[in-house]
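What you are looking at is a predicted structure, and each value in this text was computed from that prediction instead of being measured.
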Amino acid sequence: MKKPVLVLAVVGFALAFACPAVLAQEGDGEPQAACPDCSAPLDDRGWCAKCGAGFAKGLRTTCSSCLAAIRSDGWCSDCGVGYVGGQKTSCKNCFAAMGSAEGGWCSDCQVGYAKGLKTKCPTCFAAIGSDGWCDDCGVGYVGGQKTSCKNCFAAMGSAEGGWCSDCQVGYAK
């Protein structure tokens, strides 16, 4: 049973060096006290001098400019990538949409961002912004919550809340 662990370790090691920023461990954006890779102390920016890597918002990076961008929801000109809420993108239009309070649609990548959600469907994108239903995908959105049950959708959108007899779930306001 040791082979799968070894394979996972090798894959993880390869990913860490193939990409300047990869998932590390969950975090709230505050610097960790010790490096999750080697346990050495991190500086006040979240940088490990021993590993040459920085940690913030659940991401690991080997670029100090990326580390600053991750912490500030900004763009790293050195690597040509941006970070918003711990998510990485290499598209400037996606970066702008991700960082906008009202969200937006990236016509280059054909994806939309709204209320913390990402979708490739233009109808879903409109539904997210208006608490609506997408017949094309068979899903509805209310307050940034996604559901595939029309009765749940109706109960979630009701001013009084409601009960979904299909799913046996109640929604209170």
Side-chain angles (χ1 to χ4, degrees), residues 8 12 15 19-33 36 42 44-46 54-61 63 65-77 79-173:
L8 288 174
L15 284 174
C19 179
V22 295
L23 287 176
Q25 67 186 66
E26 293 302 314
D28 59 4
E30 293 301 313
Q32 299 159 302
L42 299 177
D44 60 344
R45 299 172 302 144
F55 303 87
K57 295 185 180 179
L59 296 175
R60 176 189 193 277
T61 182
C63 170
S65 297
C66 278
L67 181 60
I70 293 167
R71 295 185 59 72
S72 66
D73 285 346
W75 187 265
C76 174
S77 297
C79 296
V81 295
Y83 301 89
V84 177
Q87 294 182 13
K88 177 183 172 183
T89 183
S90 59
C91 173
K92 284 215 174 197
N93 289 333
C94 283
F95 174 71
M98 291 165 69
S100 169
E102 56 276 348
W105 183 262
C106 176
S107 57
D108 294 339
C109 299
Q110 293 298 301
V111 295
Y113 299 89
K115 297 183 181 179
L117 300 173
K118 175 182 175 181
T119 182
K120 292 184 177 188
C121 172
T123 308
C124 280
F125 175 68
I128 294 168
S130 64
D131 288 349
W133 185 266
C134 175
D135 284 321
D136 297 336
C137 297
V139 294
Y141 301 87
V142 177
Q145 299 285 342
K146 179 179 177 180
T147 183
S148 58
C149 173
K150 278 205 172 186
N151 288 334
C152 284
F153 172 73
M156 290 165 68
S158 168
E160 306 82 44
W163 182 260
C164 175
S165 56
D166 294 339
C167 299
Q168 297 296 303
V169 176
Y171 297 92
K173 292 292 174 171

Can you give the donor-acceptor pairs under 3.5 Å from side chains of residues 145-155 to other protein atoms, not counting sequence neighbours?
residue, atom, partner, partner atom, Å
T147, OG1, C149, N, 3.2
N151, ND2, D166, OD2, 2.5

- Note on the structure: The reported gap from CD1 in I128 to OG1 in T119 (rounded to nearest 0.5 angstrom) is 5.0 Å

- Task: Of all the heavy-atom pairs spanning Q110 and W105, show the shortest one and how long it is.
- Result: C-CZ2, 3.6 Å

- Message: Taking salt bridge (charged side-chain N to carboxylate O under 4.0 Å, His left out) as the cut-off, I'd like each qualifying pair that reaches into residues 109-132, sequence neighbours left out, listed once.
- Response: K115-D131

- Which atom names give the shortest non-hydrogen contact between F125 and A114, and what distance separates them? CE1-CB, 4.0 Å

- Message: Using every non-hydrogen atom in the two residues, find where A56 and I70 come nearest and quote the distance to one decimal.
- Response: O-CG2, 3.5 Å

- Grab the two heavy atoms, one from G144 and one from L117, that are nearest each other, plus how far apart they are. O-CD1, 3.4 Å

- Note on the structure: Across all chains, not counting sequence neighbours, the side-chain hydrogen bond (donor to acceptor under 3.5 Å, both in side chains) partners of T123 are D136

- Message: Testing the basics here: between A127 and C134, what is the closest heavy-atom pair and its distance to 0.1 Å?
- Response: CB-N, 4.4 Å

- Working to the nearest 0.5 Å, report the span between OH of Y83 and OG of S72. 11.0 Å

- Taking it one step at a time, do S158 and Y171 satisfy side-chain contact (heavy atoms from CB on, under 4.5 Å)? CA-CA 9 Å; S158 168; Y171 297 92; over 6 Å; no

- Query: Do you know the tightest heavy-atom contact between T61 and C66?
  - Reply: OG1-CB, 3.3 Å

- Query: Are side-chain heavy atoms of K57 and D73 found at a separation under 4.5 Å?
  - Reply: yes

